[in-house]
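Structure first, then comments.
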Amino acid sequence: MTVRSRFAPSPTGSLHIGNVRSGLFAWLFARHHGGAFILRIDDTDRERSTEQSLQEILTDLQWLGMDWDEGPPDRKYFQTSRVERHREAALQLLRERKAYPCYCSAEELEAKRKAAEREHRRPMYDRTCRGKEFPADLELPDKSKGRNYTIRFAMPTEGETAVDDLVKGRMVFNNSDLDDLIIIRSDGSPVYNLASVLDDADFQITHIVRGDDHVPNTPRQIQMFLALGFAPPAFAHMPQVLGPDGSPLSKRHGATSVVAYRESGYFPEAMLNYLARLGWSHGDQEIFCKDELIEYFGFAACGKSAGVFNAEKLLWLNFHYLKQHTAAELAQQVKPFIAKRGWPIPGDDAWLEGAVATLRERAKTLNELAEFASFYLRDDIEPEAKAVAKFLKPDISEPLKTLADELSNVNGDFSEAAIQAVFEHVLASFSLKLGQLAQPVRVALTGGTVSPGIYEVIAVLGKQRTVARLHAAVDRIRGASAHA
RNA sequence: GGCCCCAUCGUCUAGUGGUUAGGACACCGGCCUCUCACGUCGGGAACGCGGGUUCGACUCCCGCUGGGGUCACCA
């Protein structure tokens, strides 16, 4: 049997970390077994589904490299295009007496539910309408035509339903605890539980991989597969992803969507690696490339307990992958992040590569890389007041000026070695230690007290810009002391 | 409340009856050093509790406690 797994996001918002992880495991499982990965769009909630979030989800998936064998743009894989199929199946169930019309109003049901809760009883539908007679040719509900009822699935009331879950193990449910759930609303539209079962059956899904919040649905869906005449697929329920406070990961925990990380300059390899390692392991290994993930993946090595999303570990992984890229690659990849800040993108790729090379050990994301490159990219830097106060003092103006002069006299290659030689000469003539000169120079050139090695910075900046900034600093010091 | 699930360092986890309980992130300290990083060396840090089973339990069983999921004309 060929493995066919699926991922069925709803296009009602951004692709969520917890959600995409279930999708990733479904994808890894399919790829591991050389099977097919099906992308289905659960867009039955027409109110909240948008084209924009659909496009965003597809982009995220492509970015992560989670390619699908079947799915969009083929309309067949959009749940809304299958409502006729869902309605026919409901009709079939009705004719076979495996479903029945329910005339209870939403208000009545709500009242009963509240009463049950008050009395600490299970708030389950009391099956008032089950067993009542109804014509064999009963039509599906349509409120607008006066057919104001819903269709419920007649769940077996005896026996039990077992789920042999690939990650959770065997779970047994009493059928008497299973609700007669609504499968067709009073407006005639099919409900998720029916649509999902039918789609999984029709698309011949062999393994349903999803979040474990679906566990309670599983025995009900198995009964529906059976009633519809299908063999139920295998199930693998992944534990939830939690926020740092132990509650399910949500927007209030900060960045939790794939797109947020994509736009912050994270690498897809890092995201993939992190997501896979959250709830799954392969001995002590922490770093996995995509092919290794596919090769090693299995549900046996998946944990059963929920995991806390750790943004710092993701960041560490991202740093790891950033270091894997060459400076030339990073120079290209950082451009969009420079543009986003409204800064000019250098035309000289080799120069940008040189600048990136000095920053790559310091930045953990492409976004940080762009941020740190600020003083290379712009000449209108505003030095930090604290740094100026601490390092740009009157007695350093002379050494700074001398350094500028000697630097401008360097002939030939403006290399780090040449720059170092100039420094050593200035240091000796003023009896200064490197630290005493380097920090003021750093403030003069970068505006702050933190930067790559000072020789590297000067080499990247070039003779002209370096000298200009040193002169500016000297002027600033003299201006300040003149005012004093 | 009913049903279901879960339980090793702060976090992600390894571990399948006998280990000094391992790794990673984070944290702390040393080294390197022109700042910050990187790197490197080292450190602290966990089997929720109580019963069994066993010569021996982190590992198996039961109970407790704690945490979570779910009970819609949402998906």
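A note on names: the letters A, B, ... follow the listed sequences, proteins ahead of strands, and every chain is numbered from 1.
- Within the 4.0 angstrom heavy-atom criterion, no nucleotide atom of any strand lies near H237(A).
- Among the atoms of the strands shown, none is found under 4.0 Å from any heavy atom of D187(A).
- Backbone-only engagement by F173(A) is indicated by non-hydrogen atom pairs under 4.0 Å involving sugar-phosphate atoms exclusively.
- Side chains of Y261(A) and T365(A): no donor on one and acceptor on the other come within 3.5 Å.
- Remark on RNA chain B: of its neighbouring residues W316(A) and V215(A), the 5'-side contact belongs to V215(A), judged by nearest-heavy-atom nucleotide.
- The distance between atom CZ of F288(A) and atom P of C12(B), rounded to the nearest whole Å, is 17 Å.
- Side-chain to base pairing of D284(A) with G22(B): one donor and one acceptor N or O lie within less than 3.5 Å of each other.
- Side-chain contact, T218(A) with H237(A): a donor N or O sits under 3.5 Å from an acceptor N or O.
- For the segment residues 140-151 of chain A, the set of residues with a heavy atom within less than 4.0 Å of an atom of RNA chain B comprises T150(A), in numerical order.
- Between L461(A) and V457(A) the shortest side-chain heavy-atom distance falls below 4.5 Å.
- Residue-level contact check: R360(A) touches neither bases nor backbone, having no heavy atom under 4.0 Å from any strand.
- Remark: side-chain polar atoms of N318(A) are paired, donor with acceptor, to backbone N or O of K364(A) under 3.5 angstrom.
- In this model, a side-chain donor or acceptor of E286(A) finds a partner on the base of G23(B) within 3.5 Å.
- A donor and an acceptor atom never sit less than 3.5 Å apart when one is taken from the side chain of K313(A) and the other from the base of A26(B).
- Pair check for G42(B) finds C28(B); Watson-Crick or G-U wobble, both atom distances under 3.5 Å.
- Counting only N and O atoms by type, the side chains of R210(A) and S22(A) include no donor and acceptor under 3.5 Å apart.
- Between C58(B) and C47(B), the two C1' atoms lie 5 Å apart (nearest whole Å).
- Among the atoms of the strands shown, only primed sugar atoms or phosphate atoms (P, OP1, OP2) are found under 4.0 Å from some heavy atom of S281(A).
- Per the geometry, CG belonging to L315(A) stands 18 Å off P belonging to A24(B), to the nearest Å.
- If you take CE of M155(A) and P of C71(B), they are 13 Å apart, rounded to a whole angstrom.
- In this structure, D165(A) contributes its side chain and A234(A) its backbone to no donor-acceptor pair below 3.5 Å.
- Where I184(A) and D212(A) meet RNA chain B, the nucleotide closest to each residue was compared, and D212(A) sits on the side nearer the 5' end.
- Between R40(A) atom CZ and A75(B) atom P there is a gap of 12 Å when expressed in whole angstrom units.
- Note on G279(A): only backbone sugar-phosphate atoms sit closer than 4.0 angstrom, heavy atoms only; bases stay farther off.
- Donor-acceptor pairing under 3.5 Å is recorded for the side chains of Q223(A) and T161(A).
- Remark: the separation of the P atoms in G10(B) and U19(B) is 23 Å, to the nearest Å.
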Assign a letter to each nucleotide of nucleotides 30-44 of chain B from its 5' end: B, base within under 4.0 Å of a protein heavy atom; S, sugar-phosphate only; -, no contact.
----BBBBSS-----
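- Within 4.0 Å of E312(A), counting heavy atoms only, lie sugar-phosphate atoms of the nucleic acid but no base atom.
- Using a 4.0 Å heavy-atom distance criterion, S196(A) is classed as making no nucleic acid contact.
- For the pair N310(A) CG and U11(B) C1', the interatomic distance rounds to 5 Å; values are reported in whole Å.
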